[in-house]
Amino acid sequence: MSARPSNRILVTGATGQIGSELIFELSKKYGEQNVIAAGHSRAPSEKMLSVVIFETLDVSDKDAVSKIAAKYDIDTIYHLAGVLSAAGEKNPALAWQVNMDGLRNVLEVAREQNVARMFWASSIAAFGANAPRVNTPQETSLIPTTVYGISKVAGELLCNYYSTRYGLDIRSLRYPGIISSETLPGGGTTDYAVEIFYEAIKKKKYTCFVRKDTVLPMLYMPDCMMATLKLMDADPSQIKIRTSYNLGGLAFTAEELANEIKKYVPEFVCEYKPDFRQKIADSWPMSLDDTPARKDWGWKPAFDLPAMTKDMFEKLSERLGYL
Ligand code: SER
């Protein structure tokens, strides 16, 4: 497969938590006219419409994916569209259709249209409770309990297959929970770590849906952007893993996060009422060993818990008018 220069980029899931920030990073780097934002279930923001080209796209419709890729002569794809863990447990059939059929469709279009480079989002959900939960290794048992996690394991193997069988330059990260100030996540198990900021500012209280001692791996959005762009910028020879890279960042209990937030909102009260998502959280890693990502393409996160909380408060206070 001959690689073409990267000039037309398609981002699926562009109206989601990560996509809605990635499109602006990409348009700064490659030019606004070169970024095609494709979304489905959420409406694009005015800001998005004013900066990049927007297309409505259901990734489970292969013809639609194919037409958009051909229309814009796409040579790089960031495939982020997906149904998250908790939403997937409510509708496993939809999760399978969007996550599995969607990925296969995008991989097929990438192969057929000679796409030079592709990114796909995997997740910490690929692991199950039988994997070591602390410092979870890159290579270990992958027996997840959610349909979302199953779609990530199968997806990782499918990406590896397209790389070895067809030479597709596919790259992937096992994203932890992403904390961000622009767009809320939707339907994930790690969503509490974002919701808590909004509720602390707006209502001074939050009912958290996991126990206070729950630890899940998290990452602040600027580090998520940096990791994604750095991975995609790396020379193909640096990419030794074509399933998906572990990505470590932050690891803290829900209570530690609440206490950090209290430094900014002293009257903040957090209650804990675990629901069905607790079981999912208990099956996931608490922290990850990301040595291969650090060694192969130079991954190094910048934000710790205090720095992330400070930045979140600065950004959200301004947006939500909190003094
Ligand atoms: N943030 C995702 C979720 O909670 C994990 O990849 O489903």
Side-chain angles (χ1 to χ4, degrees), residues 12-13 15-22 41-42 78-92 94-96 98-100 102-103 119-129 131 133 136 142 144-156 159 172-198 208-211 214-221 223-225 227-228 243-254 257 274-288 290 293 308 312:
T12 73
T15 52
Q17 187 194 14
I18 298 173
S20 63
E21 298 207 29
L22 184 65
S41 44
R42 285 181 186 177
Y78 289 78
H79 178 39
L80 303 176
V83 174
L84 292 181
S85 58
E89 290 314 285
K90 289 189 178 148
N91 193 343
L94 180 71
W96 189 263
V98 174
N99 297 1
M100 249 12 284
L103 174 61
F119 175 86
W120 173 68
S122 186
S123 161
I124 51 166
F127 299 104
R133 293 192 62 212
T136 308
L142 298 172
T145 50
T146 60
V147 71
Y148 174 69
I150 295 168
S151 75
K152 293 303 180 189
V153 176
E156 289 188 4
C159 288
S172 174
L173 296 171
R174 286 175 178 151
Y175 284 138
I178 305 297
I179 299 175
S180 67
S181 57
E182 294 305 308
T183 307
L184 281 162
T189 302
T190 55
D191 291 11
Y192 67 89
V194 186
E195 289 170 6
I196 193 170
F197 282 95
Y198 283 79
C208 183
F209 58 76
V210 294
R211 280 189 323 266
T214 304
V215 180
L216 285 173
M218 303 278 175
L219 197 62
Y220 192 36
M221 187 61 95
D223 277 334
C224 170
M225 292 291 110
T228 309
T243 49
S244 192
Y245 277 97
N246 274 11
L247 198 62
L250 307 166
F252 46 76
T253 65
L257 177 59
D275 66 14
F276 74 102
R277 289 168 281 193
Q278 183 68 56
K279 211 169 142 201
I280 300 177
D282 288 341
S283 75
W284 286 356
M286 293 194 262
S287 59
L288 297 160
D290 57 6
M308 178 275 287
M312 275 293 278

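All of these numbers come straight from a predicted model, not from anything done at the bench. Just follow the structure's listing: the first ligand is 1, and inside any ligand the first atom is 1.
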Taking atom types as modelled and ignoring hydrogens, do the side chains of Thr214 and Gln278 form a donor-acceptor contact shorter than 3.5 angstrom?
yes
Below 3.5 Å, N or O to N or O, backbone or side chain included: is there any such pair between Thr190 and ligand 1?
yes
Heavy-atom distances under 4.0 Å are what count here, so tell me which part of Ala125 touches ligand 1: side chain, backbone, both or neither.
neither
Which part of Tyr192 is near ligand 1, with near meaning a heavy atom under 4.0 Å away: side chain, backbone, both or neither?
neither
For the CE atom of Met221 and the OG1 atom of Thr183, what is their distance to the nearest 0.5 Å?
7.0 Å
Would you mind listing which atoms of ligand 1 come within a distance below 4.0 Å of any non-hydrogen atom of [X]?
| X | answer |
| --- | --- |
| Ser85 | 3 (C), 4 (O), 7 (O) |
| Thr189 | 3 (C), 4 (O), 7 (O) |
| Ser123 | 5 (C), 6 (O) |

For Phe209 and Gly188, the nearest pair of non-hydrogen atoms, with its separation, is CZ-O, 4.1 Å
Keeping Thr189 on the side-chain end and Ala281 on the backbone end, is there a donor-acceptor pair under 3.5 Å?
no
Does Asn99 reach the main-chain N or O of Gly82 with its side chain, forming a donor-acceptor pair under 3.5 Å?
no
